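What follows is a short report on a single structure.
Note that the structure is a prediction, hence the values are computed from the model and not measured.
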Amino acid sequence: MKPVDFNYDSIPVGYYDEIFQRRRGVQSKWHHLKFDRVRKELPANGSHVDVACGPGTFMGTLPSSIRSIGVDISEPQIAYALQRYSSPSRSFKTMQPGQLDFPDASTDVVTSIELIEHISQDEATQLLCECHRILKPGGKMVITTPNYAFLWPLIELALNRFGKVSYEDQHITKYTPAKLSQLLADAGFATVKVETCLWSAPFAATIGWKFSDMIARLEPNFITKNLGHLLIGVATKK
């Protein structure tokens, strides 16, 4: 699940959680809007597995009616998640690449937020096959990854130059809407929908947090769903 030439434990523990909690700036607003969009695809209750949960930030935004388990290969990030976000409805555990340690047809929804760009396409296919296996019939897979069919390469260039974490060595597989659709279909999902999200609203946070929220409300759906910088795939198991 991770390339051998990059050590993900080199990312400071809780780094992305600290960005989220900052509640100012483009990076923080990006994560807030992204999580808002993913949550729209989740049921009001039921069981949920978050693959590559990192420091647990996304799960920390979910209601207690959803019973969530977060898994990640990084022991330090899981330790952080356990300390900060563990609750009766949220648990976390480390898991090595390969087979997901869950029974067949055991969960209602699986999320994977910005993971597959970090692994090879073959590894991504194997991972999504595992997600398909653990989903109940009618269960839903929700996945996000940068949209390399539009302006993301320019955004990534800026992040590599000015951000604290570089994506140059991390993003080893680049997805377009068609490529993500095919990946989900190859993993056995019966229905697949891929669209985009996050257009101008995250960058409006340079002016102000509330201004960014206003832009998010005013952006035309046609633009955000087709020209956004992040792909979101939603697929169901037959």
Side-chain angles (χ1 to χ4, degrees), residues 13-24 27-72 74 77-95 100-103 105-115 128 130-132 134-145 189 191 193-198 201-202 205 209-210 212-214 216-217 219 221 224-225 228 230-237:
V13 176
Y15 171 76
Y16 291 107
D17 189 57
E18 291 173 6
I19 290 174
F20 179 85
Q21 299 297 341
R22 188 184 300 155
R23 299 185 65 84
R24 67 178 186 276
Q27 272 188 295
S28 185
K29 179 54 77 173
W30 177 280
H31 293 298
H32 278 261
L33 293 174
K34 172 180 65 179
F35 291 164
D36 288 347
R37 178 63 185 86
V38 173
R39 279 198 308 274
K40 290 180 180 178
E41 300 294 340
L42 270 59
N45 50 50
S47 54
H48 163 237
V49 173
D50 190 25
V51 177
C53 65
T57 312
F58 172 65
M59 282 175 46
T61 71
L62 300 180
S64 59
S65 57
I66 299 177
R67 304 180 308 279
S68 296
I69 301 177
V71 298
D72 201 280
S74 173
Q77 300 292 355
I78 288 295
Y80 179 98
L82 284 167
Q83 182 177 22
R84 184 170 181 87
Y85 291 112
S86 183
S87 76
S89 64
R90 295 191 293 262
S91 61
F92 303 89
K93 61 180 179 179
T94 56
M95 191 172 294
L100 294 174
D101 188 19
F102 297 99
S106 58
T107 191
D108 295 304
V109 61
V110 177
T111 54
S112 182
I113 300 174
E114 292 182 63
L115 164 65
L128 289 178
E130 276 295 289
C131 293
H132 183 275
I134 69 172
L135 279 168
K136 298 175 183 178
K140 182 184 287 189
M141 177 81 213
V142 184
I143 188 169
T144 70
T145 190
F189 287 96
T191 60
K193 178 184 73 173
V194 174
E195 59 185 35
T196 70
C197 59
L198 305 191
W209 195 263
K210 291 184 178 180
S212 176
D213 291 334
M214 182 186 72
R217 291 192 298 269
E219 285 177 336
N221 284 337
T224 56
K225 290 183 177 182
L230 192 69
L231 297 174
I232 178 164
V234 180
T236 55
K237 179 177 178 178

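- The closest donor-acceptor contact from the side chain of Ser64 to the backbone of Ser89 lies at 3.5 Å or more, if one exists at all.
- By the 6.0 Å contact criterion, CG on Asp36 is enclosed, its count of non-hydrogen atoms from other residues, nucleotides or ligands being greater than 12.
- For the pair Glu195 (side chain) and Gly233 (backbone), a donor-acceptor distance under 3.5 Å is absent.
- Using a 4.5 Å heavy-atom cutoff, the side chains of Trp30 and Leu230 are in contact.
- Side-chain atoms of Lys193 do not come within 3.5 Å of backbone N or O of Val234 as any donor-acceptor pair.
- Looking at Thr107, its side chain does come within 3.5 Å of a backbone N or O of Ser47 through a donor-acceptor pair.
- What you find for Ala205 and Ser212 is that their closest heavy atoms are N-CB, 3.7 Å.
- A donor-acceptor contact shorter than 3.5 Å links the side chain of Thr144 to the backbone of Glu114.
- Residues His31 and Thr57 are not in side-chain contact: their nearest non-hydrogen atoms beyond the backbone lie 4.5 Å or more apart.
- In plain terms, the two heavy atoms of Phe58 and Thr111 that are nearest each other are CE2-OG1, 4.0 Å.
- Surrounding NZ of Lys93 are more than 12 heavy atoms belonging to other residues, nucleotides or ligands, all under 6.0 Å away.
- To the nearest 0.5 angstrom, Lys140 atom NZ is 11.0 Å from Asp108 atom CG.
- Here the side chain of Asp72 pairs no donor or acceptor atom with the backbone of Ile78 at under 3.5 angstrom.
- Of all the heavy atoms in Gly56 and Phe92, the pair that sits closest is CA-CE2, 3.7 Å.
- With a 6.0 Å radius and a threshold of 12 heavy atoms from other residues, nucleotides or ligands, Gln83 has its CD atom at or below the threshold.
- Using a 4.5 Å cut-off on side-chain heavy atoms (C-beta onward), Leu198 and Lys34 make contact.
- Minimum heavy-atom separation, Pro55 to Tyr85: O-CD1, 3.4 Å.
- Side-chain contact check for His32 and Lys29: no donor-acceptor pair (N or O, by modelled atom type) lies under 3.5 Å.
- Put simply, the side chain of Met95 reaches to within 4.5 Å of the side chain of Phe102, judged on heavy atoms.
- For Thr224 (side chain) and Cys197 (main-chain N/O), no donor-acceptor pair under 3.5 Å exists by modelled atom type.
- Paired with Cys131 under the rule side chain to side chain contact (heavy atoms under 4.5 Å, CB included), one option of Ile143, Val49, Val51 passes, and it is Val51.
- Each of Ser86, Ser68, Ser87, Ser91 was evaluated against Met59; a single residue qualifies, Ser68, per the side chain to side chain contact (heavy atoms under 4.5 Å, CB included) test.
- Although no hydrogens or angles enter the test, the distance criterion places a donor-acceptor pair under 3.5 Å between the side chain of Thr196 and the main chain of Lys225.
- Of all non-hydrogen atoms in Val13 and Glu18, the two that sit nearest each other are O-OE2, 4.2 Å.
- Contact check for Met141 versus Thr236: no side-chain heavy atoms found under the 4.5 Å cut-off.
- Among all heavy-atom pairs drawn from Ser28 and Trp209, the shortest one is OG-CH2, 3.4 Å.
- Atoms CG and CG, from Leu62 and Leu42 in turn, are 6.0 Å apart once rounded to the nearest 0.5 Å.
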